[in-house]
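Here is the structure we will look at.
Note that the structure is a prediction, hence the values are computed from the model and not measured.
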Amino acid sequence: MDGFTPYSSAAGGALIGAAAALLWYGAGRIMGVSGIVGGLATARGSDIGWRLCFLAGLLAAPLLLWAVAGIDRPPSLQTSPMLLITAGLLVGYGTRLGSGCTSGHGVCGLARLSPRSLIATVLFMASGAAVVFVARHLLGA
């Protein structure tokens, strides 16, 4: 993997943790990106504003880092758009089945010492490893 540095990874992790803490203290909400995005379909009134602001910050932060701090852009993925769309839909379906995503369970749930989040995170990681193994070694994708 090109472009990986422990410092940028640690900074990214700290920013994710800071975003989760700010959302918790500022809006009383637990950060889970799939829940925030999924909630836009049914949100009403003031519930829409914080969701859109959070998503805007999520998209703007890497752009600001590239522009201001001069951090290299991540390497581009060399795969088909259809495979990316399919993978994204499967992740979305999986987060609905697991009642949360990696940010909700992995960041916030583990920080709250939730056993349910520990099990979900272990299953996320194992599923990801299994999918990579099958895609790269059995299917040659």
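- At a threshold of 4.5 Å between non-hydrogen side-chain atoms, the residues L90 and V131 do not count as touching.
- Among pairs with a residue in residues 117-128, none fulfils salt bridge (charged side-chain N to carboxylate O under 4.0 Å, His left out), at least two apart in sequence or across chains.
- The heavy-atom pair separating F124 from G100 by the smallest distance is CZ-O, 3.5 Å.
- Counting heavy atoms from C-beta on, the side chains of I36 and L58 never come closer than 4.5 Å.
- Taking every heavy atom of both residues into account, C101 and T95 meet most closely at CB-CG2, 3.5 Å.
- Pairing each heavy atom of S117 with each of G109, the nearest pair is OG-CA, 3.2 Å.
- At a threshold of 4.5 Å between non-hydrogen side-chain atoms, the residues L110 and L118 count as touching.
- Taken together through direct or relayed side-chain contacts under 4.5 Å among Ile, Leu, Val, Met, Phe, Trp and Tyr, F54 and L52 form part of one hydrophobic cluster.
- Of all heavy-atom pairs spanning S103 and V33, the tightest one is OG-N, 3.0 Å.
- Looking at R51, its side chain never comes within 3.5 Å of a backbone N or O of G38 through a donor-acceptor pair.
- Atom CG of L97 is separated from atom CG of L123 by 11.5 Å, given to the nearest 0.5 angstrom.
- A single hydrophobic cluster is seen to contain both L23 and L40, as judged by linkage of ILVMFWY side chains at heavy-atom distances under 4.5 Å, directly or through other members.
- The two atoms that bring V107 and M31 nearest to each other are CG1-CE, 4.3 Å, heavy atoms only.
- More than 12 heavy atoms of other shown residues, nucleotides or ligands fall within 6.0 angstrom of atom CH2 in W50.
- Pairs engaging residues 106-129 under the salt bridge (charged side-chain N to carboxylate O under 4.0 Å, His left out) rule: none recorded [sequence neighbours left out].
- By the rule that hydrophobic residues join a cluster once side-chain heavy atoms approach within less than 4.5 Å of another member, L59 and V37 end up as members of separate clusters.
- For residues 15-30, the pairs satisfying salt bridge (charged side-chain N to carboxylate O under 4.0 Å, His left out) are R29-D47, with sequence neighbours left out.
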